[in-house]
Structures are given as C-alpha cells and as structure tokens.
Amino acid sequence: MSNSQDIIIGIDLGTTNSEVAVFQDGKVTVIPDDRGHIILPSFVGVADDGSLLVGEAAKNQYPLYPERSVRSIKRRMGTDDSIEMAGQSYTPQDISAIILKRLKAIAEKHLGQALSKAVITVPAYFNDAQRQATREAGEIAGLEVVRIINEPTAAALAYEADQHGSKNILVYDLGGGTFDVSVVRIQDQVVEVLGSHGNNHLGGDDFDQKLVDHLVRHLHTTQKVDAHSSRQAMARITRAAETAKIALSDQPFFTIEEEYLLEHDGQPVHLSLEIARADYEGMIEAYINETLEAVHTALKGAQLTVADIDEVLLVGGSTRTPLVSERLEQEFKRQPRGEVNPDLCVAMGAAIQAAMIAGQEVSAVLVDITPYTFGTSAMGEIDGLPSIHYFVPIIHKNTPIPTTKSEVFYTLHDGQKAVDVEIFQGEAIDARHNTRIGSFNIEGLSNVPAGNEIITRLSLDLNGVLNVSAVEKSTGLEASITIDNALRRYDRAELDSARSRIGALFDQEDVDYDDGGTASGSADSQQQARDLVAKAERLLDQATPEDREEMIDLIESIRDALATSDTSTVADDMDTLADILYYLES
Ligand code: AMP
C-alpha cells in the first residue's frame with residue numbers, strides 16, 4: 001500500500017499546453033488551478049514589473065511583448081540554445097522547469113501537501129538528449145522524475161490500464177502544432193512502442209490558417225480590403241477562425257461575424273461570412289491525407305498492417321475534427337476511440353503510470369458515453385442501390401455525453417412542403433435494421449426547388465433524454481421532439497417487432513430463433529442450436545464480463561440439451577442467447 005507521502009503526480013509537458021494529474025481513490029483527476037483551469041498554456045514570460053508569468057498571463061502578453069515571452073520551448077529541449085527573455089539568458093531546461101514548478105505548485109495546493117515525485121511524458125521520437133533535458137527540467141523544478149514515459153504509452157494506459165492479454169494499438173495524436181502517430185503493444189499493463197512517425201509542424205494551427213486565408217481573401221474580393229494592414233484585425237480574424245473551426249466539429253455551418261474589424265477609406269469594415277463544414281473539410285483535406293501517409297509509415301516501422309491493429313486511439317484537440325475520425329474509420333474499418341478527453345488523455349495516462357510505480361491497483365479512465373449510435377434516415381446508397389432508408393449517424397456510439405451534434409439534409413422534391421424526420425438507434429446502414437425511437441414532421445416549408453437545407457440537431461444528456469430538432473435553415477422554421485430514455489435497452493416486445501421487420505433481410509445465420517415462442521426438437525432446430533452456440537463462442541471475447549458469464553451458462557445448457565437431441569427444453573435459453581448476440585453485433 002502507498003501512503004500519502006508516496007503520491008507521484010503525472011505530468012503532460014506539452015508544446016502548447018501542459019497538465020498535471022493524480023490517481024487517487026481509484027480514479028484519475030486532472031488537477032485544476034485556483035481559477036478552476038485544468039489546462040496550463042506552456043508559455044513563460046516576464047511582466048512589466050519584472051514579475052514572472054506562467055500560463056495564461058504569459059500567453060496573453062506574447063503577441064504584444066514577444067521579447068519578454070517564450071512559447072513552444074518543448075521544440076528546443078535537448079539543444080544548447082540560449083533563450084533570451086527580458087534581457088536574460090535561459091536554457092530550455094530552465095524554461096521548462098518554470099512550467100513544471102507551476103504545475104507542482106497547483107498540485108500541492110490541491111492535494112494540501114508537498115510533492116516531490118513525478119512521471120513526465122515525452123513524444124516517442126524524443127532522443128536521449130531531449131529526454132535527459134526533460135529529466136533535468138524536473139530536477140530544477142524540485143521534482144524527482146521517477147520515470148519519463150512516451151506520450152502514446154500514456155494514452156494507451158488511459159484506455160487500457162486494466163486490460164490483460166495483448167493488444168496492438170495505434171495512437172493518432174494531432175494537437176495544435178504537432179502530429180505524432182505511434183503503434184504500441186500493450187501486454188499486461190506493459191506498453192512497448194513498436195513504431196512511430198509524425199510531423200513536428202502540422203496541427204490545428206494549420207487548419208486555422210486555412211480559414212484565415214479564406215477570410216482574408218473574402219474581405220479582399222468583396223470589399224477590396226487588405227486585412228494584413230491591421231495587426232489587430234488579423235488577431236481577431238485568427239481567433240474567429242479557431243472558433244469557427246471548433247464549431248464546425250459539431251455542426252454543418254457556422255457564420256463568422258466580426259463587426260468594425262478595421263477602417264477602410266474612412267468606412268468601417270464588417271466581416272460576415274458563413275462557412276460550410278464541407279468547404280472547410282476541402283481546405284484541410286491535404287493535411288489529413290498527409291497524416292494518413294504517416295500512419296502507414298508508422299505501421300511499416302512496426303512491421304504491422306492495418307488488420308493487425310486492435311484499437312485506434314485519438315489524442316490531441318484536433319482529433320475532434322469529424323473528418324479525422326471518418327478517414328481513420330475508413331482506413332481501419334473500426335471506429336476510432338476518443339472518449340477520454342483527447343486534451344487530457346496523456347496527463348491521465350501519466351498519472352496511471354505514476355500510481356502503478358507507487359504500487360497502487362489501477363484502472364483505465366472511465367467516462368460517461370453513449371453505448372448506441374443515434375441518427376436519421378435519408379436518401380443514400382445501400383448495396384449500390386439508391387434508397388430512402390440510408391442511415392445517417394448523427395451522434396456516434398462511444399461519444400462522451402452530454403453532447404449536441406447536427407447535420408444538414410436536403411429536400412428531395414421541388415416545392416416540398418414537409419419532411420418526416422425519423423430517429424433511429426443502431427449501427428446498420430439500412431435504417432430499417434435499427435430501432436426507430438421517434439419521429440416527427442416539419443411542415444410549412446418554403447416553396448423552393450429541391451435541395452432546401454434542413455438542419456437536424458440531436459442533444460443527448462446524461463439521463464438519456466434525447467432532444468431532436470429540425471430547422472429550415474433559410475427561415476428558422478423549427479419542429480422538435482423529446483425522446484426520454486433514449487439510452488435504455490429495448491424490451492422484448494420492441495425487439496421482436498424490430499426483428500420481424502428485418503427478419504426477411506437477415507441472412508440464414510441470423511434468422512431469429514423464436515419460432516412462435518418455442519424452438520422444436522427437429523433436426524432443423526438442432527442445427528440452429530449448434531449454429532447459435534458456435535456464433536456465441538465466436539463472440540465471447542467481445543462480451544462484457546457479465547454477459548460473458550451468462551453466455552457461458554447458456555451455451556452449456558444448450559449443449560447439454562443437444563446431447564439429448566432435444567432442444568425444445570432450452571427454447572428460452574436460446575432466445576436469451578440470441579438476444580445477447582443481437583446486442584453484441586449491433
Ligand atoms: P492540443 O495541442 O492537443 O491541446 O490541441 C489543441 C488544438 O486542438 C488547437 O488547434 C485547437 O483549436 C484544436 N481543437 C480543440 N477543440 C477542437 C474541436 N472541437 N474541433 C477541432 N479542433 C479543436
């Protein structure tokens with residue numbers, strides 16, 4: 001057992017932001033400062049009066065007084081560079097130590113005790129000199145660095161600390177200014193980096209810049225104004241670009257409004273421009289392609305292929321961009337996981353590693369997520385044929401809740417007056433294979449040609465209440481419903497009705513076993529029972545421990561019945577097992 005003196009903190013010392021976390025009472029806490037902020041910008045500065053600034057205050061003064069401020073010191077760790085700040089010289093270790101000392105103080109205040117030990121994370125590609133410099137920075141800050149661990153290792157621990165057995169994991173880390181991808185293998189809590197690649201100068205800042213260029217071009221074309229002529233206007237445009245980018249992660253359109261941006265020929269210049277997510281995605285696509293090339297290089301380095309990867313983990317704020325997860329899902333044929341806050345995941349993993357070193361029993365980070373996907377149906381292609389039942393997910397399963405997401409849809413006919421919005425829970429491409437949990441109409445739409453934009457918005461809260469609204473974009477006309485209990489499991493009758501609707505479309509293996517409520521002892525039903533058992537055995541690994549136990553009991557009872565050639569006695573068991581498999585596959 002550890003005692004309180006043994007507390008080891010976990011620190012993510014990042015290029016743009018840093019965090020400190022601790023594992024206590026079975027869970028990880030990212031530690032807030034006095035003002036409740038859990039993210040410390042990795043900026044150091046000297047104020048007017050000569051006092052030292054760390055974090056937000058140093059970040060704020062950076063654009064005004066760059067000669068008195070330092071940013072991105074991580075890029076210079078391990079070099080002999082001399083860093084000038086307010087007329088004094090510092091080593092990169094000194095500057096990093098100032099950040100570490102602040103994190104140490106934040107943790108000490110929160111925990112109410114002195115702390116002297118830390119685990120600090122570094123990128124997988126850091127060489128010996130860079131790691132040594134990080135260790136020295138810790139020592140200067142008064143911290144014994146009990147271990148330096150790789151950032152992807154920390155991310156893997158945040159997700160998989162309580163996994164036993166072996167897993168290959170791809171950690172895709174896209175932050176503000178850097179991109180790293182690593183392939184790691186975790187085996188009984190020990191993580192090994194098998195391959196790693198990246199670009200030290202690619203990230204969300206580049207996405208912002210694409211939008212900034214777009215806005216500057218727009219001002220030039222529409223108002224013949226050169227925004228570059230005003231530093232203040234450029235600063236506002238840059239901030240607005242980041243705000244738009246973040247909003248476009250959750251909604252299909254965002255309007256940038258900046259009044260009195262600057263003066264031109266004595267007239268005020270306003271900026272008002274709507275950006276569609278689809279257009280923004282076109283702007284950043286080349287960057288995403290570049291990251292995917294790096295993914296393949298990392299896989300090659302690890303001597304693995306896409307098929308060998310068991311999990312894809314998203315780290316870094318920019319991975320909230322939907323295009324990132326979409327492209328990774330296409331590539332790996334599995335949904336990447338981003339449920340542990342991608343900004344905090346590395347610090348959390350560092351805290352888990354720290355607790356392991358201190359001899360504590362650890363567990364992976366737990367978050368409230370939706371176990372189901374919610375969406376609606378629209379015109380699309382199913383098996384290469386056009387269908388109006390194409391399922392469009394809006395909130396994907398494993399998304400942390402509460403959450404709000406919206407998508408745009410288009411009317412199909414000229415003069416279309418109404419749209420029927422149906423909401424489904426499930427994963428199937430054909431919406432009719434999913435469970436319909438609600439529907440409503442939006443009526444009185446404008447008399448316009450096909451292609452009228454309707455925005456469907458889903459908000460899911462922690463109690464499973466799903467609010468759905470549909471808005472005609474051009475007029476703001478709105479209709480909505482509330483679905484209570486969207487997170488509950490469906491009961492028997494609903495399942496039966498869902499199954500009978502789709503029964504005809506299921507292939508032979510998935511045929512339902514109800515057969516009027518009882519299975520017979522015929523040769524057919526024995527074959528069904530054998531198929532069911534075989535399928536259950538195949539899926540055992542994917543089940544939760546609770547389901548697995550139940551499945552094993554059911555398999556045994558069905559096997560016993562098969563031995564007597566009479567499966568009619570286990571009809572209920574077969575039903576129950578079929579139900580569990582149904583959930584496992586959906
Ligand atoms: P990090 O360096 O990991 O803290 O990531 C910071 C980057 O993530 C910045 O470029 C942010 O603008 C970006 N970011 C944060 N939230 C989002 C979001 N919801 N969608 C897209 N980018 C985001």
Side-chain angles (χ1 to χ4, degrees), residues 11-21 30 37-43 55-56 59 62 71-75 99 103 121-124 151-152 154-155 158 171-182 198-212 215 235 237-254 256 275-281 283-285 287-288 291 313-328 336 338-350 395-396 399-406:
I11 292 178
D12 172 5
L13 184 60
T15 308
T16 346
N17 292 311
S18 299
E19 299 87 26
V20 55
V30 182
H37 296 170
I38 51 179
I39 289 178
L40 181 77
S42 304
F43 284 73
E56 202 64 47
K59 182 180 178 177
Y62 185 88
R71 66 178 296 178
S72 304
I73 193 62
K74 187 170 175 177
R75 294 193 198 280
I99 298 168
L103 293 170
T121 59
V122 296
E151 288 159 7
V171 181
Y172 179 102
D173 181 349
L174 186 62
T178 59
F179 168 67
D180 298 302
V181 54
S182 304
N199 179 344
N200 226 346
H201 292 276
L202 171 64
D205 299 346
D206 298 300
F207 300 179
D208 298 346
Q209 191 55 46
K210 284 281 175 195
L211 282 169
V212 167
L215 295 172
I237 290 175
T238 306
R239 259 200 312 274
E242 188 182 14
T243 306
K245 171 189 80 172
I246 290 174
L248 289 171
S249 288
D250 296 329
Q251 62 197 55
F253 299 97
F254 184 78
I256 293 171
I275 315 267
R277 182 195 283 165
D279 294 334
Y280 165 65
E281 288 180 340
M283 295 177 206
I284 61 166
E285 198 171 5
Y287 291 128
I288 309 287
T291 67
L313 305 184
L314 301 176
V315 179
S318 300
T319 58
R320 294 195 183 92
T321 310
L323 187 60
V324 167
S325 33
E326 278 163 29
R327 295 291 300 277
L328 285 168
E339 66 264 25
V340 178
N341 185 327
D343 297 311
L344 309 179
C345 179
V346 168
M348 289 174 146
I395 294 178
H396 287 268
T399 302
I401 47 178
T403 184
T404 299
K405 305 269 181 198
S406 51

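Quick note: numbers below take in every heavy atom, side chains included, and nothing from hydrogens, waters or symmetry partners. Order of appearance sets the numbers: ligands from 1, and atoms from 1 within every ligand.
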- Message: Under a 4.0 angstrom heavy-atom cut-off, which atoms of ligand 1 come close to T16?
- Response: 2 (O)
- D343 and R320 ion-paired at < 4.0 Å: yes
- Query: Does the N or O separation between G317 and ligand 1 drop below 3.5 Å for any pair?
  - Reply: yes
- Query: What atoms of ligand 1 come closer than 4.0 angstrom to any heavy atom of N17?
  - Reply: 4 (O)
- Message: Once rounded to the nearest 0.5 Å, what's the spacing between atom CZ of R327 and atom OG1 of T291?
- Response: 7.5 Å
- Hey, which atoms in ligand 1 end up nearer than 4.0 Å to a heavy atom of G316? 3 (O)
- Note on the structure: For atom 16 (N) of ligand 1, the closest protein heavy atom turns out to be R320 NH1, 3.3 Å
- S318 near ligand 1 by a heavy-atom separation under 4.0 Å: yes
- Task: Using the side chain to side chain donor-acceptor pair (under 3.5 Å) rule, take S42 and S18 through it: C-alpha gap first, then chi angles, then the decisive distance, then the call.
- Result: CA-CA 6 Å; S42 304; S18 299; 2.9 Å; yes
- Message: Looking only at distances, can you tell me whether any N or O atom of G175, backbone or side chain, sits closer than 3.5 Å to an N or O atom of ligand 1?
- Response: no
- Close-contact set for ligand 1 against G204 heavy atoms, below 4.0 Å: 10 (O)
- Query: For ligand 1, which atoms have a heavy atom of T321 less than 4.0 angstrom away?
  - Reply: 21 (C)
- Heavy atoms, side chains only, cut-off 4.5 Å: are V30 and V20 in contact? no
- Within 4.0 Å of some non-hydrogen atom of K245, the atoms of ligand 1 are 9 (C), 10 (O), 11 (C), 12 (O), 13 (C), 22 (N)
- Starting from the C-alpha separation in whole Å, work towards a yes-or-no answer on side-chain contact (heavy atoms from CB on, under 4.5 Å) for L211 and I284. CA-CA 9 Å; L211 282 169; I284 61 166; over 6 Å; no
- With a 4.5 Å limit on heavy-atom distance, are the side chains of N200 and R75 in contact? yes
- With atoms numbered from 1 as shown, which atoms in ligand 1 lie under 4.0 angstrom from a non-hydrogen atom of E242? 9 (C), 11 (C), 12 (O)
- Task: For atom 20 (N) of ligand 1, grab the closest protein heavy atom and report residue, atom and distance to one decimal in Å.
- Result: S249 OG, 2.6 Å
- Do the two ring centres, one from F179 and one from Y172, sit under 6.0 Å apart? yes
- Test P336 against every option in V324, T319, L328 by the side chain to side chain contact (heavy atoms under 4.5 Å, CB included) rule and name the one that passes. L328
- Return the residue, atom name and 0.1 Å-rounded distance of the protein heavy atom closest to atom 2 (O) of ligand 1. G176 N, 3.0 Å
- Message: To the nearest 0.5 Å, what is the distance between CD1 on I99 and NZ on K74?
- Response: 10.0 Å
